[in-house]
Amino acid sequence: MKYVDEYRDHAVAQKLIAEIGRAVTRPWTLMEVCGGQTHSIVKYGLDYLLPKEVELVHGPGCPVCVTPLEMIDRAHAIARRSNVIFCSFGDMLRVPGSHGDLFQVKAEGGDVRIVYSPLDALRIANANPNKKVVFFAIGFETTAPANAMAVWQAKAQDIKNFSVLVSHVIVPPSITGILQSPNNRVQGFLGPGHVCAIMGYREYEPIAARYQVPIVITGFEPLDLLEGTLMTVRQLEQGRAEVENQYARAVTRDGNVEAQKMINRVFKIANRSWRGIGIIPKSGYRLNYEFQEYDAERIFEVENIQTLEPAICIAGQVLKGLKKPHDCPAFGKECNPQTPLGATMVSAEGACAAYYNYGRHMVAAGSLGAK
């Protein structure tokens, strides 16, 4: 298949691995920021193929996983209301709240629907004028333009029964938060290719300069990730701390300017809480004042939420790169895709799901699987 197989070429991968081996002279810890990158790394066993001096840890790159429990519980409370049609992408339906998930809400009579675009939710609102239609707007900057467009169109078409429950987060402040953590051990980043396709990579340059950490914007195929690793290791070995773009076939320095305009028209920067991490200043989006009539939090005013996190779950430490899924005593046991304790086991981009899907729950602790 053109432009896919080329990035999975075994011979080229072996050359890149050998070049990393020649470049590295000391231990380095790198973090891939995007959950899609995590799944490729685990699926193809790239972390096993790298020299022992290079460790890859997994970051908060899954928007489903970092959606705070309080927001999930709020979504469930809204979805239970008899006059509501609650619309969401499918990956949120099995994310556990304090008391079940959206599938359970649906089984109990809630009108919960899977959509493939926020514009689908807008069409549902048009077709059901006597219902309040709520779209669960989550994601990084990647999904923000489409969600912003839905709100903008709702206002342009004067659709009054549509709203969005916004839980958007943005990547650069999360990288800053990791670097400021007293427990941080990350020395270089494989930057998020999809996010940078929208936003460009200008905003990562001050982070690299301030914290003296290389950031290499990287794609998602095996050769992308190996080349991104090589570029990051070379910077570290040479004492450089720059932003480089491995994913040049999809990413430019300025990104998609029109998409950015739509985001800025509808959203404003705000503090956001991240599941397992806490509040990160200026790390998310909220609706601008002009669009507040479409803010589901404001419309429904769900208060007095008492969250209940499973005590055994270490998803927060996994999201910060401090632990790996197999470090959790519940991994593959109490916590599995059928009975997940945390969002990292449910999401298609979650690190725990990647480890489970590709069999690492079956590797004995202390063996190769513990790398």
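Numbers here are sequence positions counted from 1.
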Side chains of R275 and I72 in contact at under 4.5 Å (non-hydrogen atoms): yes
Residues R74 and E297 bridged, charged N to O under 4.0 Å: yes
Heavy-atom check, side chain of H76 versus side chain of M71, under 4.5 Å: no
Non-hydrogen side-chain atoms of V64 and F89 separated by less than 4.5 Å: no
Check: Y356 and F331 side chains under 4.5 Å, non-hydrogen atoms: yes
Atom NZ of K323 with >12 non-hydrogen neighbours under 6.0 angstrom: no
Side chains of E221 and Y44, donor plus acceptor under 3.5 Å: no
Sidechain N-carboxylate O distance under 4.0 Å for E19, R234: yes
Ring geometry between Y358 and H39 (parallel below 30°, tilted from 30 to 60°, perpendicular above 60°): perpendicular
Interatomic spacing from CG in D224 to CZ in R249 - rounded to 0.5 Å: 4.0 Å
Criterion side-chain contact (heavy atoms from CB on, under 4.5 Å) on E237 and W28, from CA distance to verdict: CA-CA 9 Å; E237 291 283 342; W28 299 111; 2.8 Å; yes
Derivation of the side-chain contact (heavy atoms from CB on, under 4.5 Å) call for L119 and R123: CA-CA 6 Å; L119 297 178; R123 284 190 284 270; 4.2 Å; yes
From CD1 (I277) to OG (S181), nearest 0.5 Å: 9.5 Å
Side-chain touch P51/I20, heavy atoms, less than 4.5 angstrom: yes
Over 12 foreign heavy atoms within 6.0 Å of CD1, I279: no
Which atom of A121 lies closest to which atom of V133, heavy atoms considered: O-CG1, 3.5 Å
Sole candidate of M31, Q37, E32 that passes side chain to side chain contact (heavy atoms under 4.5 Å, CB included) when paired with L56: E32
Any side-chain heavy-atom pair of P172 and E141 under 4.5 Å: yes
Geometric class of the H194/Y247 ring pair [parallel <30°, tilted 30-60°, perpendicular >60°]: tilted
Side-chain donor-acceptor contact under 3.5 Å, E244 with Q235: yes
D295 side chain reached by V164 side chain, heavy atoms, under 4.5 Å: no
Distance in Å, S167 OG paired with I138 CD1, rounded so as to fall on 0.5 Å steps: 7.0 Å
Ring geometry between W274 and F140 (parallel below 30°, tilted from 30 to 60°, perpendicular above 60°): tilted
Single hit among F135, F136, Y285 for side chain to side chain contact (heavy atoms under 4.5 Å, CB included) with N147: F135
Ring centers of Y355, H58 separated by less than 6.0 Å: yes
Pair V57-T29, side-chain contact (heavy atoms from CB on, under 4.5 Å): steps then yes or no: CA-CA 7 Å; V57 296; T29 300; 4.0 Å; yes
Distance, nearest 0.5 Å, that separates CZ of R286 from CG of N271: 8.0 Å
Point-to-point distance, once rounded to the nearest 0.5 Å, from CD of E108 to CG of L102: 11.0 Å
Side chain to side chain, N357 and V42, heavy atoms closer than 4.5 Å: no
Which atom of I280 lies closest to which atom of S283, heavy atoms considered: O-OG, 2.7 Å
Nearest atoms (heavy-atom pairs only) where N128 meets N161: O-ND2, 2.9 Å
Residue pair V33, V195: steps toward the side-chain contact (heavy atoms from CB on, under 4.5 Å) verdict: CA-CA 10 Å; V33 175; V195 168; over 6 Å; no
Donor-acceptor contact present, side-chain D120 to main-chain V115, <3.5 Å: no
Derivation and outcome, salt bridge (charged side-chain N to carboxylate O under 4.0 Å, His left out), residues R298 and E293: CA-CA 8 Å; R298 181 172 171 268; E293 63 187 299; over 6 Å; no
Distance, nearest 0.5 Å, that separates CG of L226 from CG of L46: 5.0 Å
